[in-house]
2 protein chains.
Amino acid sequence: MARPERKTVRDVRKGNRGMLLRTLYFGGPRSRHELTGLTGLSAATISTMTGDLLTEKILMEAGQVDSDGGRPRVLLRVNPVYAYLIGVDVAETHVRVELFDLEMTEKARVDYTLRPSHHDIELVARRILAGIDVVLADGQVTAAQVLGVGIGVPGIVERGVPDALIHAKTFGWDGVPLGALMRAGTSLPVFIDNGAKTMGQAELWFGAGRGADHAVIVLIGSGVGATVVADGQAVRGTSNSAGEWGHTKIEMNGRPCRCGSRGCLEAYIGAEGLLDRAGVPVQTTDWPSALGRVLDVGGPVVDETVTYLGTGLANLINMLNPERILIGGWAGLMIGERHLDQIRVVVGENSLTQPYNATSIVLGELGPDAVAMGAATLVLEEFLDASAPLRLHAAS
Amino acid sequence: MARPERKTVRDVRKGNRGMLLRTLYFGGPRSRHELTGLTGLSAATISTMTGDLLTEKILMEAGQVDSDGGRPRVLLRVNPVYAYLIGVDVAETHVRVELFDLEMTEKARVDYTLRPSHHDIELVARRILAGIDVVLADGQVTAAQVLGVGIGVPGIVERGVPDALIHAKTFGWDGVPLGALMRAGTSLPVFIDNGAKTMGQAELWFGAGRGADHAVIVLIGSGVGATVVADGQAVRGTSNSAGEWGHTKIEMNGRPCRCGSRGCLEAYIGAEGLLDRAGVPVQTTDWPSALGRVLDVGGPVVDETVTYLGTGLANLINMLNPERILIGGWAGLMIGERHLDQIRVVVGENSLTQPYNATSIVLGELGPDAVAMGAATLVLEEFLDASAPLRLHAAS
DNA sequence: CATGTTAGTTCAATGCGTGAACGAAACGGC
DNA sequence: GCCGTTTCGTTCACGCATTGAACTAACATG
């Protein structure tokens, strides 16, 4: 029973302004007249609001179109260079910092390689901060033009606590305060979330999930996770760790999983589990091409994998009744590209008719590199929801 | 990406009024002064708003308390007899109609037995309509005082479509328009949902789920279902059929399930599956006492059941990260009363540490008879959210 | 150039929450 | 019994929101 907040007349403006901004952001250039229909607001309100947004330079004019026999309509659009966003992908082997304009066009990027022994959190924070300076310089953008920094990290990001604490076993991070470290080095607003979640967010906003209100985005790499979207909102759970699909049990006394338990879905369909089951030596370094060979050769292991994946997806459909399921992650895309039809068949056999018919199962569009973009999306979301109070910030 | 609606100043009032009503409804009698703190609204707003609500007789005074050395505070509360709610439970063997006051105190009730051959939808509708008249007469309440009728039915209730259509295989209902039939017989607003969902709603509002923002309420009877609550809202999915937990697969080539598939959770922990596994003949009529005997004797089947149930719950925890899990339904309560500790152990072994620690697993409080109350809660929810536009309706 | 059509703006009206001033109802001390 | 103090509650002018109606702007057509 989420308590609604107290509202005042100003919140009305904030909400309507956000709605208008979203319509224009996703609905392409539109005239003021069209916006009245799309938003439900009166022409008067649209007029004053677009006036404000134009003087703030958040919107810009985008040509005009004839309207047979009358005054031509002036098209409005979001000004892509009004401000910029920074997205960061902290992964096992690298830290990547990317600079985007408001339309998510990449303006600059820098990569830092992490040696396995160097997952020291302070080093990572220094890399990120240095990367911010580099992309700003490369993109010829000042910090004052940046709305914020989104960071996708591995592991669980505890929110709500005084500071976002990160727990990532494989990194040796146990309650690491990345947010605090960032704030010590920059005055830009910082948003942190799990990398799989930010990737899901990217697919939802800019990939195959566009427009879906109820969706599940599953990410299959060496690990397996999911982003659940209900009523247009990502389901985070009570401590922001919802979506651990990989460790749901699909077989009561199944294969041991690296999490210590048995029968986890990840032990079957995760890249590592899959390669292991196919008899590929663990030392193999180039997992993607090894996986490609396994999938191309086919055989019972591959068939089994399809069955496990399809059954796992069927469980999601029964439980959550999404309108769309996206399969993403590098391994997920490789499996999906070759076996999507078979997967659909298995899903159909293992889910109830009514929810199955309501779902479409598709592949992700953005590829495995969307973590940083999704992280930047966290900043964008904040901007679209609350562009009024959120101000551009001073340089660090 | 749920589109927010256009808002005007009046929506501000509606929202704040709803918040105030909720605080008073769940937060017991309060003085105006306390309400300023609890709602965040100014004293001025509280004053005018309570004034309105008092003249509308939605609120009433509830005595006063001294305040050392100053004017005593006048306590306000929701007037329980301002209006009434009707809840209906349509089950396999009976139709039950109950009349509640605003505080969910039962004022009258009537039961109709359904013979297995008489699940004709028109008959059911006639029974409900007759039942409404009976409880109104018994409770000495006029239809004009009733806010609406909530109905809990078996099967899937498709919403959004022109009319709520009901699909219930066991009843032979395939797209049955109960809502339309009701409207033909009464002018009261009608709300229809799956009975397991309404029961979950009842537990969430008035049972062991009070105050939880992220919860899963699992219901185990002969069938198995779940209500998922995220951010205080029930997750319905795209066609209102989310929560089919019973038919998620927990064993790849497991027991056949009555749904036609194999390895469904319901085939193991549903009352029917459990009794069958324990070797109890299917013809047994008194399932509850048979189940009691099986559970009291114990043995490997019971242990297995605990393992399956615990593993299923662990999957929910990993996937959804709830703060609370409620076990309900007549069979669920019987198992839970005897084996809750063992269940907790199994859950701990099969879920990730962090989300496990964030969850408490408890039994439902309301017993298996809460379907009608939960259905009435649908009406109450509407009232609390929008008491302003929702008017009392003329008699049928 | 007059007329019609469509697009966009301005303005008075209405509604809402708020802070500040005000009124109400108790107590304690004398 | 009176008065100051304390706490609770109400009233009112103000700022800010949307809106419909009246108005202006910019085009096409004849």
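Just so you know, these numbers use all the heavy atoms, side chains as well, and skip hydrogens, waters and symmetry mates. Predicted model, so just to flag it, every value in this text is computed and none were measured. Below, read A as the first sequence line, B as the second, and so on, with proteins coming before strands; counting in each chain starts at 1.
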Please list, for nucleotides 1-5 of chain C, all pairs of protein and nucleotide N/O atoms separated by less than 3.5 Å.
residue, atom, partner, partner atom, Å
C/dG4, N2, A/Gly69, O, 2.8
C/dT5, O2, A/Gly69, O, 3.0

How close or far is atom [atom2] of [N] from atom [atom1] of [X], stated in whole angstroms?
X: B/Met19; N: C/dC16; atom1: CE; atom2: C1'; value: 13 Å
X: B/Leu35; N: C/dT18; atom1: CG; atom2: C1'; value: 17 Å
X: A/Arg32; N: D/dT24; atom1: CZ; atom2: C1'; value: 14 Å
X: B/Glu34; N: D/dG9; atom1: CD; atom2: C1'; value: 14 Å
X: B/Lys7; N: C/dG17; atom1: NZ; atom2: C1'; value: 17 Å
X: A/Met49; N: C/dT9; atom1: CE; atom2: C1'; value: 15 Å
X: B/Asp11; N: C/dC16; atom1: CG; atom2: C1'; value: 11 Å
X: B/Ile46; N: C/dC16; atom1: CD1; atom2: P; value: 15 Å

- prompt: Is it the case that B/Asn321 and A/Ser239 place a side-chain donor and acceptor less than 3.5 Å from each other?
  reply: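 Side-chain D/A pair, B/Asn321 to A/Ser239: present.
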Sub-3.5 Å pairs of nitrogen or oxygen atoms, protein against nucleotides 11-16 of chain D:
none

query: Just wondering, more than 12 heavy atoms not from A/Glu103 lying within 6.0 Å of its CD?
result: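 It does: A/Glu103 CD has more than 12 such atoms within range.
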Donor-acceptor check, side chain of [X] to backbone of [Y], threshold 3.5 angstrom: yes or no?
X: B/Glu323; Y: B/His214; answer: yes
X: B/Arg324; Y: B/Arg210; answer: yes
X: A/Glu382; Y: A/Val379; answer: no

message: Report for the helix from C/dC1-D/dG30 to C/dC30-D/dG1: angle between first-end and last-end helix axes, five pairs each, rounded to 10 degrees.
response: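 Taking the rotation axis at each end, their angle is 20°.
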List in chain and number order the residues that pass side-chain contact (heavy atoms from CB on, under 4.5 Å) with [X], two or more places apart in sequence or in another chain; answer none if no residue qualifies.
X: A/Glu106; result: A/Glu98, A/Phe100, A/Arg109
X: A/Val9; result: B/Val9
X: A/Ser47; result: none

query: OP1 or OP2 of C/dG17 less than 4.0 angstrom from a side-chain nitrogen or oxygen of B/Asn16, does that happen here?
result: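 Yes, within the criterion.
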query: Are A/Arg73 and D/dA26 close enough that a side-chain N or O sits under 4.0 Å from OP1 or OP2?
result: no
message: Assuming nearest nucleotide by heavy-atom distance, tell me which of A/Gly40 and A/Pro72 is located more 5' along DNA chain D.
response: A/Gly40
For the student: nearest non-hydrogen atoms of B/Thr227 and B/Lys197, plus distance: OG1-CA, 3.7 Å
